[in-house]
Structure formats: C-alpha cells, structure tokens
Amino acid sequence: MNSALQTLIDRGFIKACTNYEGLSELMDNESVRMYVGVDPTGKSLHIGHMVPFFALHHLQKAGHQPIALVGGGTTMIGDPSGKSEMRKMLSKEEILSNCDSIKSQLQTVVDFSENPEEGMGQAIMLNNADWLTELNYIDFLREIGRHFSVNRMLSFEAYKQRMERGLSFIEFNYQLLQSYDFYILNKEHNCRLQVGGDDQWGNIVSGVELIRKMGGPECFGLTFNLITRADGHKMGKSEKGAVFLDPELYSPYDFYQYWRNVNDEDTVKFLKLFTFLSLDEIAQYEKEGVNINEAKERLAYEQTKIIHGVEEADKARTAALAFFGNKADSVENREGMPSLTITSAELAGGIGVLDLFSRTDLAATNSEARRLVQGGGAWIGETKVTDVKALIDSSYLDEHNELILRSGKKRYFRIIIEK
RNA sequence: GGAGAGGUACCCAAGCGGCCAAAGGGGGCAGACUGUAAAUCUGUUGGUUAUACCUUCGAAGGUUCGAAUCCUUCUCUCUCCA
C-alpha cells in the first residue's frame, strides 16, 4: 500500500475507496492532483468541515497536489437540504467574500503558497462558478445528463432516505453538477482523485463513472469517516452552536476549552485526526496509566496552535492553567481569556450584577444573568454573588485591579479597568 | 388542476375558547458527584425598569368580556390522485 494512503488509514480517516489498489499504484507513480469541495455558505468554517483538509495536509506533505474547490456555482442555486431552512440565495459579492475568508482558514492546514516547502505538492483553490454559470441547459443535458440513470441515482442511500421526506429537483441535480465538477477538473487540471465526507460517496462515485463514460482516464474516490463523538453529539457543535474557526465567532480561549473538554474515549481518535503529531508520539498517550488529562491538554494545545497560531495557543493554555491548575494567576496568564474593558469611572458608580454579566459572553440577556445568580453559578473572583440586586464597584477588584467573572466552574470572563 | 393533512418556543412534539409564557422529550445553562471527562441525580430554560408588565403558537383581518384554540382571506410545506 502507498505510504501516504497508509498514513490516512492508520490515522483513522478512511471510510471507503473506489479502488485501493489502483489508487495506491497511481500515488506510488506520480504526484496526484486531488480535490475536495467546500460550500461558501458562511463566513466561517467550523471544525467539522476540516476533516478532509487535515487529510489533504498529509497527502500534500507526501508530494500530492490538493485542490480546494469552493462551490461558488452550486451555492448560487442555494442548498435546499434541511426542510425548515429557507433557501440561502447568496449574492455574488457575499460568496466571493466568503471564499476569501474560507481560503485564509484553509491555509492553516493546507499550504496554498506559490512555492511550498521541498517535497510538498502545490495546492490551488478553484471556484466552480467559473464553469457552472456558463452552462447551457440543453447542451448539458445532451452531453452530461444522458449518462445518468434515474433508477440508479434513486438506489443511492442518500436519496433513499430523502424519498420518504421529499426531494426537490434542484437537490436531485447536485449529483450531476458535482460529477461535472470532477469531470472538468480532470480535463482541465488532470485531477484524478476526489475526497470527501462519507455522505459524498454517491456523488463521488458518479463523478468517477462520468469521467469514464466521457472517455477519460480511471479516476478515484476516497471518503472519510463521519466523525462522531462518544456521547453522540454532533462533532463541532457546542453550547454556542458550531465551533467556528473565526476568532470573532468563537474565541481562541473557548476553542481551546472545547478540545480540552472532549470525551475520554475520543481523545486519541482526535489526536490522530486533528493534529499533526506522529503516530508514535500519539501512542505514548494510549499507554496504560497515562493521565488522560495530559492527552487532552496536548490535543487542545496542538489544535489551537494549528488554527489560531502559537501565540493564541500559548495564551489559551496559560489562561486555562491559571484558572484550573491553581497556578499563580499573574496578569499575563489572563491574556487568552475573553475580555471586556470598562472605565474606572463607571465602576466607581457601581454596576448592577445582572447588567455586568449580560454585557459579557457569560449571559446573553438580563434574565439569563438573573437565572445564573439565582442558581448560584455567578462568581466574581472567589466571591459567589447571590443577590440579583448587588452593585459591583471597585471594592470587588482583585490584586491586579481587574474583575474575573465566572459562570459555574468553567466559563471565565475578564473585566479590564481603564483609568 | 383535484382531494386531504399540516405550519406551536433552539429542535421534536402536546394543547384545540379562560386554570397557556404554552405538557412531555431532546439540547442548553446552573447545582451535586468528579478528573475542566462520561454517566447519574436536582433545578432552570421568551423579554423587561420583575409578587407586575410586554412580545410570542405561519401572515393579515374578524367573532368574543376573553383566542395558540372559532371564522375569513393569504402564504408555505407534505401526502394521495390526474
């Protein structure tokens, strides 16, 4: 088996492949161009989107050439999946701006630079709007549509389920468009492999078949396991919704905490999938008697480092250690914490607890803050606040002239006082 | 085009004239237990200047002392038939 492919298998990425032997041979013989699709429906990706890109990272390192294909064209018609959701018809401008931010996020894992390191493959980013928007319906049906059998499409698992609940014509066409993408990428860029989540299996296979029917070379499809959590929750979802990569939407501190708090059973699995640590190194954490919390700290640190950079990772880690590890909580250690600045004049006048908490991320509204106080989960420093009418003034300041608000045991927020 | 069934809070889902800010479950938050884990148990879960008030049950009108509940129109979704 090809060593790069073997790496993906060992790390737990792979679910299925259209032809292991063929792909392995191809990868042994040449630098393979491969693609994965991503829809620019939002400003930020979340960690669930990243699995295929982590896989691409390993393949790029082995000298293969990743293509990130943003679905600018497919997004134009809106994604109809999810029955209660309104179709998102994004403007071209929105899509373009989304593409930009998505690219910068992908750059943390895949190297798109012009001159990648020695031995690494060249990565590029393309947008399927470039060819999809020009399509002529009649031509498309004549050349592409005739290769698809409705009977066969309906036999795919993805559609079977939708037959129960209803399936719009537009959604039914996704498979054709995605297959066409693969066909174009093969023709124009010599792309031989498409990778994606397991839910993409049907679409990927039909792309491979389309290329064959159109007289192209044998192409390959590779899908990755849908990542699940041991507790059955959806990967990448948290109390705040999706765990976004954008620091504006999900602070690096919270991001670190998300990984720090994964299930015991998931820890090693996630180390393999979401970090670049060698398997040997990860094996250290699997040994009997190893403190599972060390593994989780490592996971959180490595993952934060990849997405937000060393600096943010360090800050998040020191902040976390300061509050959970009983280390001296110097001001530097608080840097990674979400914070808010208020003036000393305002504080001197006294601020109601509810008001103060609702201005932080700890409570969205006054009522939520009230519940928190009444439930006994609101803290300022080491003082539990139990009176909803309490006025917070400078007497609450700690030795660093700051306020550290806390919701329960885990969520912290730092109030910085401006003179 | 015809017939029927529906649109309820973050999600699923009860309610079918006042006791409804709306049962139950999921999810979230907090408390207990812990290892910043899981499981379990308890509380809580529209908003506000808070023993009261305001806005919510697809949209707009109407009946009524009083509507998520009844009537009219509109709109969207689904199922069956053509």
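First the proteins, then the strands, lettered A, B, ... as listed; each starts at 1.
- B:rC16 and B:rC70 have their P atoms separated by 10 Å, given to the nearest Å.
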Give me the distances for all protein-to-nucleotides 43-47 of chain B N/O pairs that come in under 3.5 Å?
{"from": "B:rG47", "atom 1": "OP1", "to": "A:Thr365", "atom 2": "OG1", "distance (Å)": "3.1"}
{"from": "B:rG47", "atom 1": "OP2", "to": "A:Arg371", "atom 2": "NH2", "distance (Å)": "2.5"}

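- Using the Watson-Crick or G-U wobble rule with both distances under 3.5 Å, B:rG6 pairs with B:rC76.
- Using atom C1' as the reference point in both B:rU72 and B:rU64, the two lie 16 Å apart (nearest Å).
- Base pairing of B:rU55 is not made with any nucleotide, judged by Watson-Crick or G-U wobble geometry with both donor-acceptor distances under 3.5 Å.
- Using C1' as the reference atom, B:rU44 and B:rG35 are 26 Å apart when rounded to the nearest Å.
- With rounding to whole Å, A:Trp379 atom CH2 is found 19 Å from B:rC29 atom P.
- Nearest-nucleotide assignment on RNA chain B puts the 5′-proximal partner with A:Gly376, out of A:Gly376 and A:Asn291.
- Considering only the side chain of A:Leu372, B:rA30 comes nearest among B:rA37, B:rA30, B:rU36.
- For B:rC11 and B:rA23, the P atoms lie 16 Å apart once the distance is rounded to whole Å.
- Judged by distance alone with a 3.5 Å cut-off, a donor-acceptor contact links the side chain of A:Arg370 to the base of B:rA50.
- For B:rG35, its base sits under 3.5 Å from the side chain of A:Asp264 at one donor and acceptor pair at least.
- Per the geometry, CG belonging to A:Asp254 stands 18 Å off P belonging to B:rU36, to the nearest Å.
- At B:rA37, one or more side-chain N or O atoms of A:Lys410 fall inside 4.0 Å of OP1 or OP2 (strictly under the cut-off).
- A 3.5 Å limit on both hydrogen-bonding distances identifies B:rU40 as the Watson-Crick or G-U partner of B:rA32.
- Comparing the same atom, C1', in B:rG15 and in B:rG25 gives a spacing of 16 Å after rounding to whole Å.
- Put simply, the side chain of A:Asn203 never gets that close to the backbone of A:Gln178: no donor and acceptor are under 3.5 Å apart.
- With P as the reference atom, B:rA13 and B:rG26 are 15 Å apart, rounded to whole Å.
- Using P as the reference atom, B:rC57 and B:rU69 are 9 Å apart when rounded to the nearest Å.
- Across all strands shown, B:rC19 has no partner, as no Watson-Crick or G-U wobble contact with both distances under 3.5 Å is found.
- Here, B:rG28 and B:rA22 have their P atoms 23 Å apart, quoted to the whole Å.
- Backbone-only engagement by A:Ser407 is indicated by non-hydrogen atom pairs under 4.0 Å involving sugar-phosphate atoms exclusively.
- For the atom pair A:Tyr253 OH and A:Thr304 OG1, the distance stands at 11.5 Å (nearest 0.5 Å).
- A:Tyr180 has its ring centre less than 6.0 Å from the ring centre of A:Phe140.
- The distance between atom CD of A:Glu265 and atom P of B:rG35, rounded to the nearest whole Å, is 17 Å.
- Here the C1' atom of nucleotide B:rG35 and the CG atom of A:Asn263 are 13 Å apart, to the nearest Å.
- Partner assigned to B:rA14 is none, using Watson-Crick or G-U wobble distances below 3.5 angstrom.
- Across all strands shown, nothing is found opposite B:rA50 as a Watson-Crick or G-U wobble partner with both distances under 3.5 Å.
- Under the 4.0 Å criterion applied to side-chain N and carboxylate O atoms, A:Glu297 and A:Arg317 are not assigned as salt-bridge partners.
- The nucleotide B:rA67 finds no pairing partner, because no Watson-Crick or G-U wobble arrangement with both distances shorter than 3.5 Å includes it.
- Between the C1' atom of B:rU42 and the CD atom of A:Gln374 lies a distance of 16 Å, rounded to the nearest Å.
- Within the 6.0 Å centre-distance limit, the rings of A:Phe324 and A:Tyr412 are counted as a close aromatic pair.
- In this structure, CH2 of A:Trp259 is placed 17 Å from P of B:rA37, rounded to the nearest angstrom.
- Residues that satisfy the side chain to side chain contact (heavy atoms under 4.5 Å, CB included) test with A:Lys269, not counting sequence neighbours, are A:Thr228, A:Asp266, A:Leu273.
- Residues passing the side chain to side chain contact (heavy atoms under 4.5 Å, CB included) test with A:Ser101 are A:Lys43, sequence neighbours excluded.
- Here B:rC29 presents its P atom at 18 Å from CG of A:Leu405, a figure rounded to the nearest Å.
- Distance, A:Lys389 NZ to B:rA50 P: 7 Å, rounded to whole Å.
- Taking the centre of each ring, A:Trp259 and A:Phe274 come in below the 6.0 Å mark.
- Going from atom OG of A:Ser44 over to atom OH of A:Tyr250 covers 12.0 Å, rounded to the nearest 0.5 Å.
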